[in-house]
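One structure below.
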Amino acid sequence: MSSRIQKVFANKTKKLITFVTGGDPNYKTSKEILDTIIANGADIIEIGMPFSDPMADGPTIQLSSNRSINNGASLNTIFDLCYDIRKENKDIPIILMGYYNIILHYNIKKFIQKCSSIGIDGLIIVDLQPEEDSELYNLIKLKNIDLIRLITPNTTKERLKIITNKASGFLYYVTVTGITGQKSANLNELKNSIKKIRHFSKLPIVAGFGINNKKNVNNVCKITDGAVVGSAIVKIIENNLSQKKEMFKLIKRFIKDLKSGTKIWIG
């Protein structure tokens, strides 16, 4: 397991994990957005590797990928972004999230070597099934990079055994079936699913998809070890492309608000 991810989850406080697409809307602004997110309370950052056909993503994140690509972003751009963040911050875990084609096109060994040299802590590859991941898994295991698994409401017990067998870092529970940015989580279903997952793994479990405000974060954190927020942040970027100062101000306020939602009072 990545030591940075392990350290973040070492205490029992709930975690805020954020997602933005790397290079959206351009390199400079993307770096400032990530700096703002880190400075205002995110415990872990997920950076999306822009892709022309992001099938698991809703319209908001699809558009962010398009903006990034249209402004010249490539996987090397994302590595540069991560390198610049890591130079300034040695502690925050950085997760790359995306699709396997990007890695195959870049070359798997070269990709993992680059991740390791920069200090990337984990990968979420949304379309890579456990039965097809041996080449990637064996390489990242040698580099202490976590392969973070997605679990959905439809995941069976038999499938959970397979998924959790080689998972590391934390487990990412997708609260709704479908694409990102859609309906909110069913909390009763979430409670039952997390209880079931904990029978198969002692890894921390975070929940994402359909979580877009402080109340959602708070509700989810009462059940899980943390919450992932992505589309709602990306929407702020989309709505303020022509007014950067306003964009950063809104992101700062939003991250602080989300972070306050992770405070769970036990009385």
Side-chain angles (χ1 to χ4, degrees), residues 4-20 33-34 36-48 57-58 60-61 91-93 95 97 122 124 148-153 155 169-198 201-239 247-267:
R4 276 183 284 260
I5 292 177
Q6 195 169 29
K7 189 175 179 181
V8 162
F9 285 105
N11 62 47
K12 297 303 178 185
T13 61
K14 308 297 181 169
K15 310 306 172 189
L16 173 64
I17 301 169
T18 62
F19 169 92
V20 292
I33 288 166
L34 284 158
T36 302
I37 288 169
I38 293 166
N40 288 284
D43 296 291
I44 297 173
I45 54 169
E46 289 178 18
I47 300 176
D57 296 309
T60 298
I61 292 177
D91 299 319
I92 193 158
I95 311 294
M97 186 171 188
I124 300 173
I148 294 149
R149 301 291 188 176
L150 298 171
I151 296 170
T152 75
T155 303
F170 58 89
L171 296 168
Y172 187 137
Y173 181 77
V174 177
T175 61
V176 295
T177 52
I179 55 176
T180 57
Q182 301 302 300
K183 61 186 179 179
S184 297
N186 178 319
L187 294 176
N188 285 330
E189 186 178 68
L190 177 63
K191 211 174 279 186
N192 292 333
S193 293
I194 299 303
K195 192 176 177 181
K196 181 172 73 172
I197 295 165
R198 292 203 192 278
S201 176
K202 293 181 179 179
L203 288 174
I205 306 168
V206 305
F209 285 49
I211 300 169
N212 53 29
N213 57 46
K214 174 183 173 179
K215 185 179 179 182
N216 290 161
V217 168
N218 192 257
N219 285 336
V220 163
C221 283
K222 289 172 183 172
I223 302 167
T224 70
D225 299 298
V228 186
V229 181
S231 293
I233 302 169
V234 177
K235 197 68 182 173
I236 293 173
I237 298 168
E238 180 186 328
N239 289 342
M247 179 197 293
F248 298 136
K249 186 172 82 175
L250 290 172
I251 290 172
K252 177 179 178 179
R253 186 188 305 159
F254 188 51
I255 299 300
K256 281 187 171 182
D257 196 46
L258 294 173
K259 181 61 179 176
S260 70
T262 66
K263 311 296 184 200
I264 306 298
W265 303 105
I266 301 171

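Residue numbers start at 1 and run along the sequence shown.
- Here the CG atom belonging to Leu171 is positioned 5.0 Å from the CG atom belonging to Leu203, to the nearest 0.5 angstrom.
- The only member of Thr18, Asn40, Ile33 that meets side-chain contact (heavy atoms from CB on, under 4.5 Å) when paired with Ile251 is Ile33.
- Residues meeting the side chain to side chain donor-acceptor pair (under 3.5 Å) test with Asn188, sequence neighbours left out: none.
- Evaluation of the ring-ring contact (aromatic ring centres under 6.0 Å, His included) rule for Phe9 yields Phe170 as partners, not counting sequence neighbours.
- Residues Val229 and Val217 have side chains in contact (heavy-atom distance under 4.5 Å, counting atoms from C-beta outward).
- For Lys196, there are no salt bridge (charged side-chain N to carboxylate O under 4.0 Å, His left out) partners, not counting sequence neighbours.
- Applying the salt bridge (Lys or Arg N to Asp or Glu O under 4.0 Å) test to pairs two or more places apart or on separate chains, none has a residue in residues 209-221.
- Within the structure, the salt bridge (Lys or Arg N to Asp or Glu O under 4.0 Å) test picks out the following pairs touching residues 218-230 (sequence neighbours left out): Arg198-Asp225.
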side-chain contact (heavy atoms from CB on, under 4.5 Å) assessment of Glu46 paired with Val228: CA-CA 9 Å; Glu46 289 178 18; Val228 186; 3.7 Å; yes

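- The structure places CD1 of Ile124 at 11.5 Å from CZ of Arg149, a figure rounded to the nearest 0.5 Å.
- To the nearest 0.5 Å, the span separating CD1 on Ile211 from CG on Asn218 amounts to 11.5 Å.
- In this structure, Lys252 and Lys249 have side chains that are not in contact, with every pair of non-hydrogen atoms separated by 4.5 Å or more.
- Between Ile237 and Val20, the closest side-chain pair of non-hydrogen atoms falls below 4.5 Å.
- Looking at Ile197 and Tyr173, their side chains come closer than 4.5 Å, going by heavy atoms from C-beta outward.
- For the side chain to side chain donor-acceptor pair (under 3.5 Å) test, residues two or more places apart in sequence or in another chain that qualify with Asp43 are Lys259.
- In this structure a side-chain-to-backbone donor-acceptor pair under 3.5 Å is present from Thr175 to Gly208.
- For Thr224, there are no side chain to side chain donor-acceptor pair (under 3.5 Å) partners, not counting sequence neighbours.
- Checked against salt bridge (charged side-chain N to carboxylate O under 4.0 Å, His left out), Lys14 has no partners two or more places apart in sequence or in another chain.
- A pairwise comparison of heavy atoms in Ile264 and Cys221 identifies CD1-CB, 3.8 Å as the closest pair.
- From Met247, atom CE reaches atom CD1 of Ile236 across 9.5 Å, with rounding to the nearest 0.5 Å.
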Residues Asn239, Lys235; criterion side-chain contact (heavy atoms from CB on, under 4.5 Å); working and verdict: CA-CA 6 Å; Asn239 289 342; Lys235 197 68 182 173; 3.8 Å; yes

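- Checking Lys15 against Asn11 by side-chain atom types alone, a donor-acceptor pair falls below 3.5 Å.
- Between Ile61 and Ser231 the shortest side-chain heavy-atom distance falls below 4.5 Å.
- For the pair Ile44 and Val8, the minimum side-chain heavy-atom distance is below 4.5 Å.
- Taken to the nearest 0.5 Å, the CD1 atom of Ile45 stands 4.0 Å off from the CD1 atom of Ile38.
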Intermediate values then yes/no, side-chain contact (heavy atoms from CB on, under 4.5 Å), Ile95 and Ile148: CA-CA 9 Å; Ile95 311 294; Ile148 294 149; 3.6 Å; yes

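- Taking the side chain to side chain contact (heavy atoms under 4.5 Å, CB included) definition, one finds that Lys191 meets it with Ile223, sequence neighbours left out.
- For Thr155, the side chain to side chain contact (heavy atoms under 4.5 Å, CB included) criterion is met by Ile151, Thr152, Arg159, Leu160, Ile163, not counting sequence neighbours.
- The two atoms that bring Gly210 and Asn216 nearest to each other are O-OD1, 3.7 Å, heavy atoms only.
- Of the inter-residue distances, the one linking Ile233 atom CD1 with Thr36 atom OG1 reads 11.0 Å to the nearest 0.5 angstrom.
- Among residues two or more places apart in sequence or in another chain, the side chain to side chain contact (heavy atoms under 4.5 Å, CB included) test is passed with Asp91 by Asn89.
- Looking at every heavy atom in both residues, Ile255 comes nearest to Gly41 through CG2-N, 4.1 Å.
- For Tyr172, the side chain to side chain donor-acceptor pair (under 3.5 Å) test picks out no residue, with sequence neighbours left out.
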